[in-house]
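Here's the structure we're looking at; comments come further down.
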Amino acid sequence: MPFATLNGIKLHYQLDGDAALPVLVLSNSLGTSLAMWDPQIPELSKHFRVLRYDTRGHGQSEVTPGPYTIAQLGSDVIALLDQLDIKQAHFCGLSMGGSTFMWLAVNHPQRVTKLILCNTGAKIGTPDAWNSRIDTVRRDGLSAIAAAVVSRWLTPEYAEQHPEQVQALTAMLLATPAEGYAGACAAVRDNDLREAIAGIRAPTLVIAGSGDVPTPPADAQFMRATIPGALYVEFDAAHISNQQQPRAFTQAVVQFLTEAS
Ligand SMILES: O=C(O)CC1=CCC(=O)O1
């Protein structure tokens, strides 16, 4: 699995699909890795050259001391695209990954063909809640928050029927270095793109989960209303909708990216 050295760190990434296909970049949520997209890869790689990466401080990418910023996480992606000689691509990010790609669409519009913002918000949560989470993780580690965080990733009924998926997602969260996680929490805490996203010109699809507590449908509706021409789809899912509704999610992504806009 390749690593790119950029912005002073080693960033872990993976490419799937034929090199001649249009590039689709996927960005993970807080406390996950590029493996969160595993359910989508067999289908997406038939249509796209899929580039996914572990956000700084996550998965196998290098951990640098926090706090991070969304601009820094977005600049890592731009540096990765430059290294791989990718001039323009589709972008699909979930939660923190969606924040990163909103920033990218605002600040580097020429790189974005189409944009998909999943289970995210132009501003996520409150500073007090993020500060409390950062303090807990720095003091007691990820295990202190794991059960509460993962309980919001899948709806309770679905989680009860899929204990192996809960276990796999919990393991992914617990494998995230505390410093990387805390650094990324600060990036989400300090990010506010509520005004800036009005300037996005890329065709955009907003994906929401009707049972999503951290980034509720109201946040998604705000993005749909603010980004000119944005489309909207809502699934019966909690926060990590691509894991809870893999088929419907993948189908929506393929349809949006392959239809003429
Ligand atoms: O994991 C959570 O608590 C929800 C979340 C907020 C930003 C993100 O990427 O995940």
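We count ligands from 1, going down the list as the structure has it; atoms in each ligand are counted the same way.
For atom 1 (O) of ligand 1, the nearest protein heavy atom (residue, atom name, distance) is W153 NE1, 3.0 Å. For atom 2 (C) of ligand 1, the closest non-hydrogen atom on the protein side is R133 NH1, 3.6 Å. Closest protein heavy atom to atom 4 (C) of ligand 1: H239 NE2, 3.5 Å. For atom 8 (C) of ligand 1, the closest non-hydrogen atom of the protein is S95 OG, 2.6 Å.
Of all atoms in ligand 1, numbered sequentially from 1 with element shown, those under 4.0 Å from a heavy atom of L30 are 8 (C), 9 (O), 10 (O). Residue V149 approaches ligand 1 through these ligand atoms, each under 4.0 Å from one of its heavy atoms: 1 (O). Which parts of ligand 1 touch P214 is read off a 4.0 Å heavy-atom cut-off, strictly below it: atoms 4 (C). In summary, the atoms of ligand 1 found under 4.0 Å from a heavy atom of S29, numbered by their order in the structure, are 9 (O).
The side-chain heavy atoms of M223 and M102, taken from C-beta on, include a pair separated by under 4.5 Å. By the 4.5 Å heavy-atom criterion applied to side chains, N131 and T126 are not counted as neighbours. Looking at Y158 and Q165, their side chains come closer than 4.5 Å, going by heavy atoms from C-beta outward.
Put simply, part of W130 is less than 4.0 Å from ligand 1, judged by heavy atoms.
Between D54 and K10 there is no salt bridge, since no side-chain nitrogen of the basic residue lies less than 4.0 Å from a carboxylate oxygen of the acidic one. No salt bridge links D128 with R189; every basic N to acidic carboxylate O contact stays at or beyond 4.0 Å.
Checking each of I124, L73, T120 against V188 for a side chain to side chain contact (heavy atoms under 4.5 Å, CB included) leaves exactly one that passes, namely I124.
Looking at M96 next to ligand 1, an N or O pair under 3.5 Å apart turns up.
Checked against a 6.0 Å centroid threshold, the rings of Y13 and Y53 do not count as neighbours.
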